[in-house]
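Notes for the one structure printed next.
All values derive from a computational prediction rather than experimental measurement. Each chain gets a letter, A, B and so on, in the order its sequence line appears, and its residues count up from 1.
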Amino acid sequence: MSDVQIWTYILVALSFGLYIGIAIWSRAGSTKEFYVAGGGVSPLANGMATAADWMSAASFISMAGIISFAGYDGAVYLMGWTGGYVLLALLLAPYLRKFGKFTVPDFIGERYYSKTARVVAVICALIVSFTYVAGQMRGVGIVFSRYLEVDINTGVVIGMIIVLFYAVLGGMKGITYTQVAQYCVLIFAFMVPAIFISIQMTGNPVPQLGFGDTLSDGSGTYLLDKLDGLSEELGFAAYTDGSKSTIDVFAITLALMVGTAGLPHVIVRFFTVKRVRDARKSAGLALLFIAILYTTAPAVAVFARTNLIETVSGKEYDNMPEWFHRWEKTGLIGHEDKNGDGKIQYVASPEINELTVDRDIMVLANPEIADLPAWVIGLIAAGGLAAALSTAAGLLLVISSSVSHDLIKNVLKPDLSEKGELWAARLSAAVAVVVAGYFGINPPGFVAAVVALAFGLAAASFFPAIILGIFYKKMNSKGAISGMVVGLCLMLFYMLKFKFGIFDGGKDAVSGLQENWWFGVSPEGFGSIAMLVNFIVAIVVNMFTPEPPEAVQEIVENIRVPNQAGQAIEH
Amino acid sequence: MSEKQKKATAYWKENLRYLVILLFIWFLVSYGAGILFKDELNTIRLGGFKLGFWFVQQGAIYVFVILIFVYVRLMNKLDKKYGYNED
C-alpha cells in the first residue's frame, strides 16, 4: 500500500469513528428531538450544521472543476448558491421559526388550512429530496472507489450503513451534531491543499487574494493574465470572459438562489434554534461558513487550470508525472495521440484536441498535480465523504419527516401516539436510506442532470407559496395550491422537453432543441420563469376566490413579530 | 385597531423598509455588478482582478455575508425598540 492510501484509510476511519461516537451520544428520545433536535441548538452549531447540510459532494468535489472549465460563467454557481442565503435570512427563516412547527409541509398545510395543500407540499418535498439524495450516495461510492480501491457499490453500501446508523438513531439531533463535525472535516480538507498551492504559485497564503496576485517566479505577471493568455493561445475563451448569454446567466443565477432558499432540508434547519433572533443569526453564520469554501473554490479553479495546462500542454506523453498515469487508469483523464508526435496537444478544437479531462479531477487530483505531501492527498477523501454524507443525512430526514409527520400523523392516522410516530419516523428514515442506496447503486441515467434541476423544482413550487404565506396576508389556499401545481408541472414539462428530449425522440434530439428555448433560457435557468408563473397564477386565482378565514390571518400577523417563539414549538 | 396591533403594524413597516433597502443592494452587487454591468466594470482593475470578474467570483459573496449581519443588527435593535426582544 502506498503512503497516500495509508493516510486515506487512517483519516477516513478516524472521521467515521467520530460520527458514530456522536450518534451514540446524541440519540433522539422524542419526536421533537427527532424532527428539530429539541429546538435548542445554538446559532453557532446550527450555522455549521447548515453549512455542511448545504455543501454536498457537488460543492466539494465538482464545483471548483466546473468553474475551472467555465471561467466567468462559473459565477452562476458561486452567486446562485450563496445569494439564496440572503433571501433565506431576510424573507423566510425568522418567520418560519416563529411559526415553529416541524416541517415545511407543516407550514404550508396550516397556513393554507388544507390537507390538499399539505399533500401537494409533501409531494414536492419528496421529488426534490429524492433526486438530490441519489446523487449524494453515488458521490460516496465514487470517493470510496477512487481512493480506497473498493468497488463503487461496496462504497455505497458502507455509506448507507453509516448514515442509517446516525439518522435512524439520532434523527435531527444526531444529524445536527455529526454535521458540525463534518463541517470541520470538510473545510479543513478543502482549505489545506488550497493554501499550500496558493503559496506555491503566488507566495500568498490566502487563496482568495492569491489568485489575483502576481506569480512567484518573479516575472511580475498576474496569474489571471497569464491564464487568460494561455487559454486564448489554445483557442479557449479568455478565462475571465464568459460564453453564456446574459439572459441565461441571469436566469440560472436567479433559479439557483431562489431554489436554495426553497430547499426543504435547508429551511428545516432553522426550526432547530431557540429564538427568532437565533434563526437570523444562524443564517448569517451559515453563509459565513459556506463563503469560506465558496470564495476559495474559484481560486482553486484558477490554480488547477493553470497547473494543468502548464504540466501537460505540448509536453511529451512519456515524460508525464506519475499522477497522470494513475488517473488515466480511472478514466478521469485520457490522451489519444491523434497526430502521432508523442506530445499531448490540449486545444479547444475537438478535431485536433488529444486530451480529455473530467472536471472532478481539478479537486481530486489537485494536491497530486501540485506535488503535495501524502497526508494532504488523504484528506480529500475524508472531506468528500463528509460533504456527501452530511447532505444525504439532511435530505433523508426531510423524507422521513414528510412521511411520518405529514402523511401518517396528519393525514392518514391522526390518533397515532408520540411513540408510534417516533417509530414511524425511524422506519421511514430506514426505508428512505435503502431506496437512496438503491439509486446510488443503480443510478438512473438522469441522476446527475436532475440534481441541478432539483433547484428549479424547489424554486417553482415552494418558494412562492411560502413567501406569499408570510408577506401577503390575504393569500388563500386555492391560489397557493394552483400556483404550486402549475409551477411544478411547468418546470417538469420544460425539463422533460429540453433536457431529456422526451417529446422529440430522446436524448439525441436535445442539442437541436436549444434554439427553441423559451426566451433563450436553458432548463437549468427555467426555474426562475416557472417561479414567476407560480406567483402570477397564485395571485390571479386568489382574486377570484374567497379570502382566508380570520384565524389564518391571525397566524400570519403572529409570525411577523418575534415574541415567544419558544412557546410556539410546545404545542 | 388596538394598541397592540398598531405596534405590530409599525414594526412590520419598518422591517419591510429594511428588506427593500438590503435586497436592493443584494440585487446591485450580484445581478448589477456581476452580470449586467460586468463589461463596463471589467475595464477597471483591482490588482490582478478585472472588477466585474472579481464581483461575481468574490465580491458579491462578501457583500451577501455582510448584508445578513447588518440585517441581524438592525432587527435586534428594532426588536428592542418595540419590546419584542426575547431575553
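For the residue pair A:T295 and A:Q208, a side-chain donor N or O sits within less than 3.5 Å of a side-chain acceptor on the partner. One side chain, B:Y82 or B:E14, offers a donor N or O that lies under 3.5 Å from an acceptor on the other.
At distances below 3.5 Å, at least one donor-acceptor pair connects side-chain atoms of A:R97 with backbone N or O atoms of A:K274.
Residue B:F49 touches chain A through both its backbone and its side chain, counting heavy-atom pairs closer than 4.5 Å. With a 4.5 Å cut-off on non-hydrogen atoms, B:L16 touches chain A through its side chain but not through its backbone. Contact annotation for B:Y18: neither backbone nor side-chain heavy atoms come within less than 4.5 Å of a heavy atom of chain A. Looking at B:N76, both its backbone and its side chain come within 4.5 Å of chain A, counting heavy atoms on both sides. Of the two parts of B:K7, neither the backbone nor the side chain holds a non-hydrogen atom closer than 4.5 Å to a non-hydrogen atom of chain A. In this structure, the portion of A:D228 lying under 4.5 Å from any heavy atom of chain B is its side chain and not its backbone. Of the two parts of B:Y71, only the side chain, counted from C-beta on, holds a non-hydrogen atom closer than 4.5 Å to a non-hydrogen atom of chain A.
Interface check for chain B: of the options A:L287, A:T240, A:D213, the most heavy-atom pairs under 4.5 Å are formed by A:T240. Your options are B:L36, B:V65, B:I61, and the one with the most heavy-atom pairs under 4.5 Å with chain A is B:I61. Of the listed residues (A:F211, A:Y85, A:Y239, A:Y294), the greatest number of heavy-atom pairs within a distance under 4.5 Å of chain B belongs to A:F211. Heavy-atom pairs under 4.5 Å with chain B were tallied for A:I290, A:T221, A:L87, A:L223; the largest tally goes to A:L87. The greatest number of non-hydrogen atom pairs below 4.5 Å with chain A, out of B:L67, B:D79, B:L23, B:V29, is found for B:D79. The residue among A:L285, A:V76, A:L88, A:L209 with the most heavy atom pairs within less than 4.5 Å of chain B is A:L285.
Checked for salt-bridge contact, A:D278 and A:K281 miss the test: no charged N lies under 4.0 Å from a carboxylate O. Salt bridge annotation for B:K50-B:D39: absent, with no cationic side-chain nitrogen under 4.0 angstrom from a carboxylate oxygen. With respect to A:D225 and B:R45, a salt bridge is recorded, a charged nitrogen being found less than 4.0 Å from a carboxylate O.
Ring geometry for A:F471 versus A:Y95: interplanar angle over 60°, hence perpendicular rather than tilted (30 to 60°). Relative ring orientation between A:Y77 and A:W81 is described as tilted, the plane-to-plane angle lying within the 30° to 60° band.
Paired with A:K473 under the rule side-chain hydrogen bond (donor to acceptor under 3.5 Å, both in side chains), one option of A:E554, A:E557, A:Q553 passes, and it is A:E557.
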